[in-house]
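Data first, discussion second: the structure below is written as structure tokens.
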Amino acid sequence: MHIRQATADDIPAITEIYNHAVANTTAIWNDKLVDVENRLAWLSDRQKSNYPVLVAESEDEVIGYASFGDWRAFDGYRHTVEHSVYVRHDRRGAGTGKSLMLALIDAAKALGKHVMVAGIEAGNTGSIKLHEALGFSQVGFMPEVGTKFGRWLDLAFLQLRLDARQDPDQIPPH
């Protein structure tokens, strides 16, 4: 397996992975499938923001992808990012998600980010355990804030502090 920056050529595979998660899981709380143009716009937006979109590739096939973006739109949150990691349904459980997460954490550190946030459907114990194994800790739980497949969903928030910066004087400017 090889992890690299995504290109426009990867978008059909990314779209397929995304749509499978929309149609079959509670990992994405959307009901509508997207098209390649939607994901191309998403990729372009991430690239303009200097945020990574990584793909895991095995035998010349994209088997997973990951990215992060701004957690909230206000300036005070500029050092915090929220990430997403998706692995193709037939390739889960083989370490792809962990490898993508480690690469994302490195990318966030390289950009000088301070905290990485994960919003995970609370019943997704596999994802929660992976995040905890990587040093994330649960910092919040919001019952019944979403719905999909005719049931209410709970949201767990986990976070990872990426650096040990304590002194407010050490906070970088815009």
Side-chain angles (χ1 to χ4, degrees), residues 1-6 10 13-14 16-30 39 42-43 46 49-58 62-73 76-149 151-166:
M1 179 179 51
H2 172 67
I3 297 185
R4 61 173 173 76
Q5 289 289 331
D10 300 315
I14 288 172
E16 183 178 324
I17 293 167
Y18 180 92
N19 283 336
H20 186 275
V22 168
N24 298 287
T25 76
T26 56
I28 300 174
W29 293 8
N30 289 334
R39 293 292 87 187
W42 168 80
L43 176 64
R46 291 293 164 105
S49 296
N50 198 32
Y51 286 150
V53 176
L54 305 175
V55 293
E57 189 176 57
S58 178
V62 172
I63 60 170
Y65 74 95
S67 185
F68 60 72
D70 295 329
W71 184 58
R72 297 192 71 192
Y77 296 107
R78 68 188 171 277
H79 302 291
T80 301
V81 292
E82 183 174 8
H83 69 280
S84 299
V85 177
Y86 301 102
V87 177
R88 203 171 74 192
H89 67 94
D90 61 339
R91 298 299 292 259
R92 293 183 189 140
T96 303
K98 180 179 180 181
S99 295
L100 284 164
M101 280 295 309
L102 290 169
L104 268 189
I105 290 167
D106 287 346
K109 288 178 179 180
L111 288 174
K113 298 302 178 180
H114 181 60
V115 171
M116 184 176 276
V117 173
I120 304 171
E121 193 275 314
N124 188 344
T125 55
S127 183
I128 290 171
K129 285 180 182 180
L130 169 62
H131 282 78
E132 289 173 342
L134 294 173
F136 283 75
S137 50
Q138 187 166 329
V139 294
F141 181 84
M142 300 176 72
E144 298 186 1
V145 294
T147 183
K148 191 167 181 183
F149 305 133
R151 68 181 209 267
W152 290 109
L153 300 175
D154 302 334
L155 183 64
F157 276 112
L158 290 85
Q159 77 173 44
L160 176 67
R161 206 160 107 200
L162 299 166
D163 59 28
R165 203 171 36 228
Q166 301 265 343

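- Side chain of Lys148 to main chain of Ile28: a donor-acceptor pair is present (N/O by atom type, distance under 3.5 Å, no hydrogens or angles).
- Checked by atom type and distance alone, the side chain of His20 never pairs as donor or acceptor with a backbone atom of Glu16 at under 3.5 Å.
- Residue Glu82 places its CD atom among more than 12 non-hydrogen atoms of other residues, nucleotides or ligands, all under 6.0 Å distant.
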Show the numbers, then the answer: is there a side-chain hydrogen bond (donor to acceptor under 3.5 Å, both in side chains) between Thr96 and Arg91?
CA-CA 8 Å; Thr96 303; Arg91 298 299 292 259; 5.7 Å; no
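- Put simply, the side chain of Glu57 does not reach to within 4.5 Å of the side chain of Ile63, judged on heavy atoms.
- For the atom pair NE2 of His114 and CZ of Arg161, the computed distance is 5.0 Å after rounding to the nearest 0.5 Å.
- At least one side-chain heavy atom of Asp10 sits under 4.5 Å from a side-chain heavy atom of Arg4.
- Contact record, Gly97 with Leu130: C-CD2, 4.1 Å, taken as the closest heavy-atom pair.
- Although no hydrogens or angles enter the test, the distance criterion places a donor-acceptor pair under 3.5 Å between the side chain of His83 and the main chain of Val117.
- Side-chain contact between Leu160 and Ile105: present, with at least one pair of heavy atoms (C-beta onward) separated by less than 4.5 Å.
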Which is it for Asp70 and Tyr51 under the side chain to side chain contact (heavy atoms under 4.5 Å, CB included) test, yes or no, and what are the steps along the way?
CA-CA 9 Å; Asp70 295 329; Tyr51 286 150; 2.5 Å; yes
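- Interatomic distance, CD1 of Ile120 versus OG of Ser84, reported as 10.0 Å (0.5 Å rounding).
- Within 6.0 Å of atom NZ in Lys98, 12 or fewer heavy atoms from other residues, nucleotides or ligands are found, so the atom counts as exposed in its surroundings.
- Rounded to the nearest 0.5 angstrom, Asp154 CG and Glu121 CD are separated by 7.0 Å.
- Between Trp71 and Phe157, the two ring planes are perpendicular [angle over 60°; tilted spans 30° to 60°].
- Here the OG1 atom belonging to Thr125 is positioned 10.0 Å from the CD atom belonging to Glu132, to the nearest 0.5 angstrom.
- In this structure, Ala118 and Phe136 approach most closely via the heavy-atom pair CB-CE2, 4.4 Å.
- Contact of the Arg46 side chain with the Pro52 side chain is not registered, since no non-hydrogen atoms from C-beta on lie closer than 4.5 Å.
- The minimum heavy-atom distance linking Ala103 with Leu54 is given by the pair CB-CD1, 3.6 Å.
- To the nearest 0.5 angstrom, Tyr65 atom OH is 11.0 Å from Leu43 atom CG.
- For the side chain to side chain contact (heavy atoms under 4.5 Å, CB included) with Trp29, the qualifying choice from Thr147, Val145, Val22 is Val145, the only one to do so.
- Heavy atoms from other residues, nucleotides or ligands lying under 6.0 Å from CE of Met1 number more than 12.
- Using a 4.5 Å heavy-atom threshold, the side chains of Asn24 and His89 count as separate.
- The only option from Val53, Val81, Val55 that meets the side chain to side chain contact (heavy atoms under 4.5 Å, CB included) definition with Ser67 turns out to be Val53.
- The shortest distance between side-chain heavy atoms of Thr26 and Asn124 does not fall below 4.5 Å.
- Using a 4.5 Å heavy-atom cutoff, the side chains of Leu158 and Gln138 are in contact.
- Expressed to the nearest 0.5 Å, how far CD1 of Ile3 lies from CG of Leu100 amounts to 4.0 Å.
- What you find for Leu162 and Lys109 is that their closest heavy atoms are O-CE, 3.5 Å.
- Considering only heavy atoms from C-beta on, Phe68 comes within 4.5 Å of Leu111 through its side chain.
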